Structure formats: structure tokens, C-alpha cells
There are 2 protein chains.
Amino acid sequence: MFSKTCEYGLRAVIFIALESNVDKKVSITAIADAIESPQAFTAKILQQLTKNKIVQSIKGPNGGFFIDDKSLKTVALSNIVAVLDGDAIYTGCGLGLHQCNDKKPCPLHFKFVEIRENLKKMLESTTLFELATDMNLKEYFLKN
Amino acid sequence: MFSKTCEYGLRAVIFIALESNVDKKVSITAIADAIESPQAFTAKILQQLTKNKIVQSIKGPNGGFFIDDKSLKTVALSNIVAVLDGDAIYTGCGLGLHQCNDKKPCPLHFKFVEIRENLKKMLESTTLFELATDMNLKEYFLKN
DNA sequence: AAAATAAAAGACAAATTAATCCTTTATTGT
DNA sequence: ACAATAAAGGATTAATTTGTCTTTTATTTT
Ligand code: FES
Ligand code: FES
């Protein structure tokens, strides 16, 4: 479904969101440990997300990654996926045609678009704030 | 969503199904041309599908690929995806946890499982026969 | 100012996926 | 039997994704 980059990215951001919710910044070491991902690789991913204003970062002692209150409420999972995997998942043809198109549909088009739209809506409607608060109520895991 | 292998495989099989519906066999050249895919690569994919009894093949003049009437009715898209991409798409965690599990769910689990199940059901309920007859009624495309 | 900390940046390396090319095997028609 | 046809099989190459390692830049504490 998603690339490894995107999987690690989503997990990392969710973890940062959780900590940001209690005003903590987290280092790349702490993140890689919490989500059980290759540290250097995860650092690269967070670099991209920082450039794209999904997360914020501060260098030096007591620095680290965090997400400001506004972003926490406005950033949805769809935004993260768009940055890391592009929008093929939102607009691409399930059978790999160059153009997904109602007028020139592949045999799976109408069935596939339905699934794709549901996925899109789900990602768009899931904000970091929702996930962060939800994780305080129920037990969820970012590694296993 | 699917690998290139799977995309080409699905398109190829749908094309073969269409032709088999009118008792025609098709060569790898005709297939690659019809679905606009790299010929040698598509040949490899069909080799796998032949081994897994999704399609049948006959060598030599007047040979080619085809799908027998029984397979046409019993083979669903889910079977093709399973052969070419494995079942990660049916059982894997959306955030890439090693194990997707109701008891130790990732933060996206319950929302993601719903999407995943819908995709699974769609693929399971779409048979080659349905696609082949459907394509005779409405205009669908296997390339663009 | 110097040392320590932590992310950013850049250059590589490894692994996987996508794709090609060449040879072999099976089948058919002449 | 022989030439032609078409898939099967094997080896190789190319491209992309995944992952590592080292250096640089920014910030803070002493
Ligand atoms: S054309 Fe294939 S999904 Fe739209
Ligand atoms: S644990 Fe992540 S989808 Fe089930």
C-alpha cells in the first residue's frame, strides 16, 4: 500500500504528535527507538517532512522534532502521504494506466475509484490531533 | 497500490479472458501490444501465472495463452494479486508493523482494516467472467 | 571562546523491483 | 525430417527504493 518511507514517516509523525501533545521535543534517536525504524533513514524522512512544514525541528542541545499546536490540528495523514508517496494513491489507476479517467476507464475503474475514495477520505479526516488524543485513551502501538 | 508486475499481470489476464471468451488464443506479442506493456517482462509474469494455473498456455504454431471456461468463472482478481504480490495487501498493517493484530493494533488499525477488507471483497467478488462479459457491453480500456 | 548536542546535508552502498536478451523446449505445418 | 512458431527458462542489466556513513551547520551550555 504505502512505501517503507511513508510507513516510517507516518509512524514517526504520530509519535512526535503524541509527545508534542505534552509539550515534549524528541530526538531522532528517541523516534527511531519508539517506532523501531532505521535511524539514519528515518532522519532523511523527517528532513523531508520538516521542509514541507509537517513537523518542526530545532538544532542543538534540548533541540529535536516537534509539531506546533496549529499543525497538530490541521495536518491530516493525507498530507503526510502526499509528501512522501505523492498522490498516485489518490488519483492513479489501479491497473496502472497512465491516466485514470471516467471517460476512458479501465475495467476496474468504477469499483476501484470507490475504494480509493474511501481511503482518501479516511486519511483526510484523520488528523494528528485526533490520533494523539485517541492514543491517550486506548492502547495503540507503533512497533511490535 | 499494486506492483508493476501485478498491474501488468491483471491487465494481461483480463485481455486473455476477453479473447478466451470468444475461443481465441493470444500470443505474448499480441498481449503486450494490447495492454502496452514490456513484452519480455510480461512473458515472465505470464510464466508465473501459468505455473499457478491462472492461465493456460500451448507452445508452437497456433499456440498462445488462454483461459479455460472453468477458470474463467472461478478465478477472481484476488487470486491473481495473491500470486503476484502475495497477501500483504490483504493482511498487512497499513503502517508497516510486522504483525497486524486486533489485540496490539497500530493507531490506524481499525480504520485501515475497513478499507483493506473492502478492497479484498471487491477483488474476491470480481471474476474474470464478469469482467470479460462486462467489457462486451460497455467500453473499457486496457491501455491509454 | 570552547565543548557538547542535535539536526541538515551529501555521498555511498545494499537490496529489491523492473526490464531485457539469449538459449532451450515443445508443437505444428510443409 | 525440417523449418517455422511460440512459450519456458536462465542469465544479465537497469532503475528505484531502502538504508548507511561522514561531514557540516546551528544552537546551547560551560
Ligand atoms: S482508469 Fe483504472 S482506476 Fe480509473
Ligand atoms: S496493526 Fe496496523 S493495520 Fe492492523
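The model shown is predicted, which means the values in this text are computed figures rather than measured ones. So you know, we letter chains A, B, ... as the sequences are listed, proteins then strands, and number each from 1.
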With a 3.5 Å cut-off and sequence neighbours excluded, list the donor-acceptor pairs that the side chains of residues 92-106 of chain B form with protein atoms.
from: B:Asn101; atom 1: OD1; to: B:Lys103; atom 2: N; distance (Å): 2.7
from: B:Asp102; atom 1: OD1; to: B:His109; atom 2: NE2; distance (Å): 2.6

Q: Quick one: label B:Lys25 by what it contacts on the DNA or RNA (base, sugar-phosphate, nothing), any heavy atom closer than 4.0 Å.
A: nothing
inquiry  = Can you confirm whether A:Leu123 sits close enough to A:Tyr90 that some side-chain heavy atom of one is under 4.5 Å from a side-chain heavy atom of the other?
reply    = yes
With a 4.0 Å limit, can you tell me whether B:Asn62 has a side-chain N or O closer than that to the phosphate oxygens OP1/OP2 of C:dG29? yes
Taken to the nearest whole Å, NZ/B:Lys59 to P/C:dT23 is 17 Å
By nearest-nucleotide position on DNA chain C, the 5'-leaning member of A:Lys51 and A:Gly60 is A:Gly60
Pairs under 3.5 angstrom only: tabulate donor-acceptor contacts from the side chains of residues 36-46 of chain B to other protein residues two or more places apart or in another chain.
from: B:Ser37; atom 1: OG; to: B:Thr42; atom 2: OG1; distance (Å): 2.6
from: B:Thr42; atom 1: OG1; to: B:Pro38; atom 2: O; distance (Å): 2.6

The residue among A:Leu10, A:Leu72, A:Thr126, A:Asn21 that forms side chain to side chain contact (heavy atoms under 4.5 Å, CB included) with A:Leu131 is A:Thr126
Assign A:Val55 to base, sugar-phosphate, or nothing according to its heavy-atom contacts below 4.0 angstrom with the strands shown.
nothing
* Asked: Would you say A:Val75 and A:Phe66 are hydrophobically clustered, going by side-chain heavy atoms of ILVMFWY under 4.5 Å?
  -> no
Here the residues of residues 36-50 of chain B within 4.0 Å heavy-atom distance, strictly under, of DNA chain D are B:Lys44, B:Gln47, B:Thr50
Residue-phosphate contact under 4.0 Å: B:Thr5 side-chain N/O, C:dT17 OP1/OP2:
no
In whole angstroms, the gap separating C1' of C:dA8 from CD1 of A:Ile58 amounts to 15 Å
Per atom distances to the A:Lys4 side chain, the nearest of D:dG19, D:dA8, C:dA7 is D:dG19
- request: Give the C-alpha distance, both sets of side-chain angles, the deciding distance and a yes or no for side chain to side chain contact (heavy atoms under 4.5 Å, CB included) between B:Leu119 and A:Leu119.
  value: CA-CA 10 Å; B:Leu119 174 63; A:Leu119 174 62; over 6 Å; no
Quick one, A:Leu128 with A:Ile80, criterion side chain to side chain contact (heavy atoms under 4.5 Å, CB included). Give me CA distance, side-chain angles, the key distance, then yes/no. CA-CA 10 Å; A:Leu128 295 181; A:Ile80 300 165; 4.1 Å; yes
Here the distance between atom P of D:dT17 and atom CD of A:Glu7, to the nearest Å, is 14 Å
Does a side-chain N or O of B:Tyr8 approach OP1 or OP2 of C:dA19 to a distance below 4.0 Å, or not? yes
field: Distance below 4.0 Å between B:Thr29 side-chain N/O and D:dA6 OP1 or OP2
entry: no
